[in-house]
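Below is the structure I would like to discuss, written out as structure tokens.
Fair warning: this is a prediction, and the values are worked out from it, not measured in the lab. We name chains A, B, ... by the order of the sequence lines, and we start the count at 1 in each one.
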2 protein chains.
Amino acid sequence: MARSEPYHHENLRQTLLAAAVALIGEVGPRDFTLREVARRAGVSHNAPYRHFPAKDDLLVAVATDGFDQLTALMQKSSARGKTALGRLQLCGRGYVDFALRSPHHFLVMFDLPKISHEPCKDEPVGKNAFDVLMGCIMAAQQSGDLPAGDPVPLAWTAWSLVHGIAKLSVSGNLPLSHRATLNFTQRATEVLSCGLMNVEA
Amino acid sequence: MARSEPYHHENLRQTLLAAAVALIGEVGPRDFTLREVARRAGVSHNAPYRHFPAKDDLLVAVATDGFDQLTALMQKSSARGKTALGRLQLCGRGYVDFALRSPHHFLVMFDLPKISHEPCKDEPVGKNAFDVLMGCIMAAQQSGDLPAGDPVPLAWTAWSLVHGIAKLSVSGNLPLSHRATLNFTQRATEVLSCGLMNVEA
DNA sequence: TGCTCATGTTGGCAGTGTCAACATATACAG
DNA sequence: CTGTATATGTTGACACTGCCAACATGAGCA
């Protein structure tokens, strides 16, 4: 019954990850500290090294967690749409919403070199989220809301627009409220899909 | 003639800034170190504090330098266009080109908290670059290549698209070569301007 | 000449990521 | 049941960082 257990915690790896996610949310990547994570998990400053080779590997795990949340939010948001095009737009809205609600987490997901320049990983960390977008795009193509053809360039274009909005908002360069940013996203994606349908060739 | 001058350098502030810009380009913001800047400038590890109150203030100066370069590149690039719309698109191309050529510098400009969340500065660091974009947008409006009305939302939309392309490219999420990325940018901005002209209301 | 001050210096402190060495608890071979 | 290997925790140390305090030097000005 709850005897003291100086060694071998129940599941220290997950405890560390949870503490890391919380710490990122509070102080951001710049003030994120391995030793503070260990403190919050109630272990010595070197315990994390038994589960993560280096600080950046723990941050990769944090980013992966972020991509899971992002994927879930995109799915949940897009499910509320009536038409294929509506679902695609809500997918982008969910993307921006996540960035606004978890700005620090969002930063780690896209600005961590270990993730960014991973040399030819067969399964990039953000693949699930990208697949949600791809699904929405292809559905919109089949319903005639987007032009037929290779969906990948369409996905890149849509992703770039929405990612740019998210990044500029998070970095304080779009002077809009949370709500206004989401509306702006909606409007921008409408414009883009209209352009995709009407541009020549 | 070239006597030793242990104190009072010619213009240490600019020397430090140049060394900082070079160091950022080489190692990026994460491995950027005040002491290494001082080493390269040939001064003691505390000399920078006589010119910059803290590390982040030196980084703000680095970012400002980056925005100057960005502004110049956007101007130079857009000047090659024949039409107002062409100049607008080349402006975006110059933006992405800068990001691809100076990825680390670009990171500092948009991910430094001191810049991002500066509370209501009357002259944001990136205002000059934004003004170049605004000029291109308003010229395109006057030539009928873009719809009339408030140019600011148009600028935000175009900026978001191009910024997203730049960010995703720099973080390794768009598997395209430098050249292909620039072509993709051109194509994406065409699509966007077409959508802006054709979208209802 | 002598005072003040801007701008450099050295030295030190707390905090960090990481390595090495040590300790303990569990699992499994005999 | 006993002994040993291994996984997982610990303490201690090192080099390095940003920043602070105290001191030194040189220029400008009364």
Protein N or O to nucleotides 15-17 of chain D N or O, pairs below 3.5 Å:
{"residue": "dT17(D)", "atom": "OP2", "partner": "R39(B)", "partner atom": "NH2", "Å": "2.8"}

Handout entry: Separation of atom CZ in R50(A) from atom P in dT24(C), rounded to whole Å
Key =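 For the pair R50(A) CZ and dT24(C) P, the rounded distance is 15 Å.
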Practice task
Could you check whether the rings of Y95(A) and H163(A) sit parallel, tilted or perpendicular, using 30° and 60° as the cut-offs?
Solution key: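 Rings of Y95(A) and H163(A): perpendicular, over 60°.
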Practice task
Decide, yes or no, whether a salt bridge links K167(A) with D111(A) under the criterion of side-chain N to carboxylate O below 4.0 Å.
Solution key: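 Here K167(A) pairs with D111(A) in a salt bridge, since their nearest N and O are under 4.0 Å apart.
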Fill in the blank from the handout: residues 10-35 of chain B vs ring-ring contact (aromatic ring centres under 6.0 Å, His included), sequence neighbours excluded, gives none
Kindly list each side-chain donor-acceptor pair under 3.5 angstrom involving residues 84-94 of chain A, sequence neighbours excluded, with atom names and distances?
{"residue": "R87(A)", "atom": "NH1", "partner": "G81(A)", "partner atom": "O", "Å": "3.1"}
{"residue": "R87(A)", "atom": "NH1", "partner": "K82(A)", "partner atom": "O", "Å": "3.4"}

Exercise for the section: Compare every heavy atom of S160(B) with every heavy atom of F184(A), then report the nearest pair and how far apart it is. Expected result: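 Closest approach of F184(A) to S160(B): CE2-OG, 4.2 Å.
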Handout entry: H51(B) NE2 to dC19(D) P, straight-line distance once rounded to whole Å
Key =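 To the nearest whole Å, that distance equals 16 Å.
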Exercise for the section: Establish, from distance only, whether the side-chain atoms of N46(B) and S44(B) form a donor-acceptor pair under 3.5 Å. Expected result: no
Practice task
Starting at atom CZ of R13(A), determine the distance to atom P of dG9(D), rounded to an integer number of angstrom.
Solution key: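 The answer, rounded to whole Å, is 12 Å.
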Exercise for the section: Output every pair passing salt bridge (Lys or Arg N to Asp or Glu O under 4.0 Å) with a member in residues 40-52 of chain A, not counting sequence neighbours, ordered by first then second residue. Expected result: E26(A)-R40(A), E36(A)-R40(A)
Handout entry: Selection: residues 40-48 of chain A, any non-hydrogen atom under 4.0 Å of DNA chain C
Key =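 The stretch gives H45(A), N46(A) as the residues lying under 4.0 Å from the strand, ordered by number.
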Practice task
Could you state the atom-to-atom distance from CG of L58(A) to C1' of dT16(C) in whole Å?
Solution key: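 For the pair L58(A) CG and dT16(C) C1', the rounded distance is 15 Å.
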Completion exercise
Applied to residues 59-92 of chain A, the ring-ring contact (aromatic ring centres under 6.0 Å, His included) test, sequence neighbours excluded, yields F67(A)-F110(A)
Practice task
To the nearest Å, give me how far apart CG (L59(B)) and C1' (dG18(D)) are.
Solution key: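 So the CG-C1' distance, L59(B) to dG18(D), works out to 12 Å.
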Problem - Between dT7(C) (P) and L16(B) (CG): distance, integer Å - result: 12 Å
Exercise for the section: Assess the side chains of H51(B) and D57(B): does a donor N or O sit below 3.5 Å from an acceptor N or O? Expected result: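 Judged by distance alone, the side chains do not pair up.
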Practice task
Can you tell me the distance, in whole Å, between the CD atom of Q14(B) and the P atom of dT7(C)?
Solution key: 14 Å
Practice task
May I have the distance from Y49(B) (atom OH) to dT10(C) (atom P), rounded to whole angstrom?
Solution key: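 Rounded to whole Å, this separation is 16 Å.
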